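What follows is a single structure, written as structure tokens, with notes after it.
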Amino acid sequence: MTAAVRLRQARLAYGDRVLWDGLDLDVAPGEFLAVLGPNGSGKTSLLRVLLGMHPLSGGTAEVGGEPVRRGSTKIGYIPQQRAVDTSLTLRGRDLVGLGLDGHRWGPFALRARAARRDRIDAALTSVGAAGYAKAPVGLLSGGEQQRLRVAQALVGEPAVLLCDEPLLSLDLAHQRVVSALIGERARQSGAAVLFVTHEINPVLDQVDRVLYLVDGRFRIGPPAEVMTTETLSELYRTRVEVLRLRDRIVVVGAEAETTAEDCRHVREPAEELR
Ligand SMILES: Nc1ncnc2c1ncn2[C@@H]1O[C@H](COP(=O)(O)OP(=O)(O)OP(=O)(O)O)[C@@H](O)[C@H]1O
């Protein structure tokens, strides 16, 4: 079976700074890969490589058996959240419709328009955004805008879904809705998901494997293999404790190698222990 995403001996460096090197990775259709690591470890850069927005410094990267290229309709992308100008008058459903640009709709204009509308409606409903689909995007809350971005990435039924911290600014209920939706999409339509996150717990049920990047080093494997005291201590080169608390993973002690801001995934669960 052709891997949905394939990296071979992939290297990415900015000047002298090597983010990762010798990265061999196959993500299968339908697989959900969580990409974890502290700030600046190269998670977003990995997605940018797969989007054809940044060349590798070495090795190869393929999506759907072809070398990566910009503008591939095989990819759905949920970018890291940015504030939207409040004067933006584009409606939510038009934003979602942009995810269908570049798709073929056949020669029958009316039928094609109806099919397009149905796809947009289904995507809006799936993220719970149908109620505000006609509102100008600039007037929506951060979480509402984020749900539209998720719908935009899903509407084209991509073979590969690249998600850059898509749960940020969503409340807990919508974190669950969105992560379950993305996981379902992976299983049902065979989309491969690369999901960048600082916090594995909201997606733990969905995750097949983890790619954990720290300071040029990395580990790939199922959460039970990677999210362990031994593996993370080796990666961080300092003592890191990984605890299992009911169905949650709690990582404590990675701060030594990182800044306070880097440790959102470490601090939030640890606070739950109090
Ligand atoms: N075009 C570029 N030129 C030089 N350095 C860059 C460039 N793009 C990113 N970097 C640097 O590479 C490092 C990795 O950035 P990246 O955004 O991939 O990290 P990240 O793991 O996604 O971090 P975060 O968790 O903060 O989002 C950062 O130190 C960043 O400043």
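Read the numbers this way: they start at 1 and go in the same order the structure lists the ligands and their atoms. Remember, it's a predicted structure, so these values are computed and weren't measured experimentally.
- There is a side-chain donor-acceptor pair under 3.5 Å between Tyr14 and Ser45.
- Using a 3.5 Å distance cut-off with no hydrogens or angles, the side chains of Gln152 and Arg149 do not pair a donor with an acceptor.
- Heavy-atom separations between Gly15 and ligand 1 are all 4.0 Å or longer.
- A salt bridge does not link Asp164 to Lys43: none of the charged nitrogens lies less than 4.0 Å from a carboxylate oxygen.
- Short contacts between ligand 1 and Asn39, defined as distances under 4.0 Å to a heavy atom of the residue, involve ligand atoms 23 (O), 24 (P), 25 (O), 26 (O).
- The closest side-chain heavy-atom distance from Thr60 to Pro67 is not below 4.5 Å.
- Contacts between Arg48 and ligand 1 below 4.0 angstrom, taking non-hydrogen atoms only, are absent altogether.
- Listed by chain and residue number, Leu139 satisfy the side chain to side chain contact (heavy atoms under 4.5 Å, CB included) test with Pro136 (two or more places apart in sequence, or in another chain).
- By heavy-atom distance, the residue among Thr44, Leu36, Val196, Asp164 lying nearest atom 17 (O) of ligand 1 is Thr44.
- For ligand 1, the atoms lying closer than 4.0 Å to a non-hydrogen atom of Gln80 are 27 (O).
- To the nearest 0.5 Å, atoms CG (Leu51) and CG (Leu46) are separated by 9.5 Å.
- Close contacts between ligand 1 and Pro38 involve ligand atoms 21 (O) [criterion: under 4.0 Å to a heavy atom].
- In terms of N/O distances under 3.5 Å, ligand 1 is not approached by Leu19.
- The residue among Ser45, Ala13, Ser41 with a heavy atom at the shortest distance from atom 16 (P) of ligand 1 is Ser45.
- Of the polar atoms of Gly40, at least one N or O is found under 3.5 Å from an N or O of ligand 1, judged by distance alone.
- Nearest heavy atom pair, residue Ala4 against residue Ala159, reads CB-O, 4.4 Å.
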